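Working notes, beginning with the structure itself.
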Amino acid sequence: MKLSKTYEPAKFEPSIYALWETSGAFMPSGKGDPYSIVMPPPNANGNLHVGHAYMIPIEDVLTRYYRMQGRDTVWIPGADHAGFETWVVFERYLNSQGKSRFDYSREELYQMTWDFVEQNRGNMELQIRALGASCDWSSTVFTLDKKVIDTVYQTFHKLWDDGLVYRGNRIVNYCPHHQTSFADIEVEYREEKSNLWHIAYPLTSGAGEIEVATTRPETMLGDTAIAVHPDDPRYKDLIGKTVILPLVGREIPIVADEAVELDFGTGAVKITPAHDPVDFEIGQRHNLPQIQVIGFDGKITDAAPVEYQGLTTEEARLEIVEHLKLAGALRQVEEFTHQVPHCYKCGAVIQPLLMKQWFINVKPLAKRAKEAVEDGRIHFVPAQKGYELIHYYDELRDWNISRQIPWGIPIPAFQNVDDPDDWIFDTRVEQTEIEVNGKTYRRDEDTFDTWFSSGQWPFVTTDYLSDGKLCKFYPNSVMETGVDILRAWVARMIMLGLYMTNKVPFRDVFLHGLILDEHGQKMSKSKGNVVNPMEIIDKYGSDALRIGIIMNRSAGQAQAFSEASVVAGRNFCNKLWNIARYIEDKADSANVANEDVDDAEPETIADHWILSRLEQARVDLSNHITNYRFAEAVETVYHAVWDELADWYIEASKVEANPAFMRRVLGIALRLVHPFAPFVTETIWTTIRGQESLLISQPWPSELKFSKTKAADFEAIVELVNELRNIQGQLPSRKYRLVYDESRVVEENEELIASLARLKDVKHDHTPHGLRIVLPRSTTWLELSDEEILSYKDDLQAKLDKLKNEIYALEKRLSNKGYIEKAPERLVEETKRNLSDKKRQTTHIGEQLSEIS
RNA sequence: GGGCAGGUAGCUCAGCUGGCUAGAGCGCCACAUUCACACUGUGGAGGUCGGGAGUUCGAGUCUCUUUCUGCCCACCA
């Protein structure tokens, strides 16, 4: 088979992927040391976004590289039911149908959502394929698969038995719009301008009043105390006295608590234990009643005076401020800017509400996780992120894992209908009521926080707890994911992984940053600057996208997406394509058989030289990939292929070719490029060599042997040709003759030099004349007329001046005592060599100049 | 209020343990050519590395300070 004249990725990418998939190349080989990556599961019913277009190629580069290295490699794909995310989309759909969640039972809603997801599922997986992911589809896991739920229940049960999960009546972050609670981490704080209202509460005794300041006057309906600092001289005498709550008339005490700041507001705080986390804690310390005045629907409850009942919090705030003003209790309204919690999805103001929920006592889990990060059992790239986690573990508070949405894993807990405090663990969640020991228990209607189940992903996907066939792949070699979910996900995986398996879930963590638009702005639908990776693939091909997106990007950094880089990637693939076409033409016309090309021996000096360059690239590449320096790795292959293979080796082969060996060189290059541009390299490989052995399964090249002296000969030619091109660039274009008197390298390669430097010819001459070119390994003369030499005079003079400056700098350095004494000897030697080199050049140019004039 | 990251060529970014003349891609300028490739070739211009101070023989790289940008965290009601 022959390669088509033009590089058209759309013509071969899908079929190449199918070839890999059906060949079984994605599955672990069963040989070598295990290497594993678990893919952060993309949302099952969503399209991939540009972040995935970075994540997938990086994980694929690692997977393909280690597979070629002979490791027993698996990359486990997955799909996320994305509990809350999906639920929001589904509920919006439900509402658009004129329905509400309250029209259905939990089972019905679960099934409906399942069907909804099912309709859209598959799309995402096709897109992962389009990106070239060499993941093992036979081991794919969906976050609602039975084995996931079983494992999650096992974990929950262990936490239950160990007393680390508890039913707490505590303040939770509640979104009145979505009617569910959130973990602390899911709340988004936004700075808002508001007021600080100063309200006077009259003392019951009638002897004066106490003024408090609040940003949420509506919560006063639920006040059960006023708190002041115990050492505050202004209020010392009032502690223990009571005040009358304005508008409500309730008598509430004045308590003393250290949590009150002396210099904020008036130094006196109204305490609403049911609606504020700090007030809740103060309430606990002083045994204050908790009165819930804001309901789960975000409206004022029956616990408040009748005129406020049913109002939204915003309405109630206006009313109350108005009423306070009328009652003469409003002392002052101060402008105030503060951070207000919002639902990260709908933007509604989060209400801190008192709820009974399941909490995990994270202290012991966090302690172990922190140690694993601290002692380096888990290694972070970039490293600062590890320190960030350590800090996070220190101040982590108990984790609320209850969610009031039906789309998720049901919490396997049942409550005694006759005793609200009697809860039992039971996995018969398909039943709303169960009988145990003659008592009736009712199911908890809540589901788990998605992060609770996905936090177990590494040992779930590898079936580690049940010794499944992938269990040797736990711990994973690396966890590659976005920095934005460092705390939400990575932190939890480490805690739960250590807790359940006594092993870290992964050894390395590579975190990629957010991908911004071309101008460094965050991509968002509303701004209309979202890049769709599938459109980029249609336009330039998958390989181009992979290379373009990895280029110019470093770990953890939010960086712009650049279409120009994708173009560069596409051009690179095109280059490779044409290199292959050229080599094939040469090899075919020389009747080189496909067999044994991998054993072809280098003959020409160019052969040895290209081996030396590819060997360097091979070593650099391994180094970069091992250290997760993907952009540098791409740069290495890019330049090895373009600047060295195409620009020098191929050009040299036009003078003297070794066709069998050229095929070998192509084979090496294809292997080195394959992890980055798998489609085009595999296409070339199978087109030339047939589909019996795929490139994806080829071993990584082992050390390349070559003759150093022959490679150096070619290097000398490269040096000379560069100099000649440089000089010719300053001259009117016409073909010149190069002459030499004594130079082995030049003598042996007359034609090669002439061709590469586009000279008329290269000749031996006992009385050479013209412009003298003195290089470390050759002395030659470019035959120029006196006029031409004269026109080059200015350039020579400029060169001379530049050299003189450099010599001055070098001499200064060498005359510096400190430098000679303290700098490493190697460096001093180098400087000396450099100086004598430049001095020699200066002499030659000086002579040249005097000859001209 | 605290923390982190970043400010290097027109644009997007590299620069790992301080080492000599700071790199890449794209863009720009000039020339070339249709011989694997115009998704091409060759040459070139372009940077006082945000500002200031310090440590050092030597600083884009380390320290301090200042300024701008972005992100994260935090119960000042």
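Bear in mind that the values here come from a model prediction, so they are computed numbers and not experimental data. Reminder, nothing fancy here: chain letters follow the sequence lines and each chain counts from 1.
Note on A:Ser565: every side-chain N or O is 4.0 Å or more away from OP1 and OP2 of B:rC26. When the side-chain nitrogen and oxygen atoms of A:Lys654 are compared with OP1 and OP2 of B:rC37, none of them lie within a distance under 4.0 Å. An OP1 or OP2 oxygen of B:rG41 is reached within less than 4.0 angstrom by a side-chain nitrogen or oxygen of A:Trp642. When the side-chain nitrogen and oxygen atoms of A:Gln339 are compared with OP1 and OP2 of B:rC75, none of them lie within a distance under 4.0 Å. Put simply, A:Asn571 has a side-chain N or O that comes within less than 4.0 Å of OP1 or OP2 on B:rU40. Phosphate contact (OP1/OP2 of B:rC37, side-chain N/O of A:Lys5, threshold under 4.0 Å): present. Regarding contacts with the backbone of B:rG44, a side-chain N or O of A:Asn726 is found under 4.0 angstrom from either OP1 or OP2. The side chain of A:His639 contributes an N or O atom lying less than 4.0 Å from OP1 or OP2 of B:rG25. Remark: A:Arg397 is in phosphate contact with B:rC75, judged by side-chain N or O atoms under 4.0 Å from OP1 or OP2.
No cation-pi contact links A:Arg216 to A:Trp197, judged by a cut-off of 6.0 Å to the six-membered ring centre and 45° from its axis.
The separation of B:rU63 from B:rG41, taken at their P atoms, amounts to 43 Å, rounded to a whole angstrom. B:rC64 sits 32 Å from B:rC76 when the C1' atoms are compared, rounded to a whole Å.
Across all strands shown, B:rC37 has no partner, as no Watson-Crick or G-U wobble contact with both distances under 3.5 Å is found. Base pairing analysis places B:rC64 opposite B:rG52; the two distances defining the Watson-Crick or G-U wobble pair are each below 3.5 Å. Across all strands shown, B:rC20 forms no Watson-Crick or G-U wobble pair with both distances under 3.5 Å.
Among the heavy atoms of the strands lying under 4.0 Å from A:Ala646 is at least one base atom, whether or not backbone atoms are also near. Using a 4.0 Å heavy-atom cutoff across all strands shown, A:Ala213 reaches at least one base atom of the nucleic acid.
Mapped onto RNA chain B by nearest heavy atom, A:Tyr7 and A:Val187 fall at different nucleotides, with A:Tyr7 at the one closer to the 5' end.
Looking at A:Glu395, A:Glu186, A:Glu388 one by one, the single match for salt bridge (charged side-chain N to carboxylate O under 4.0 Å, His left out) with A:Arg487 turns out to be A:Glu388.
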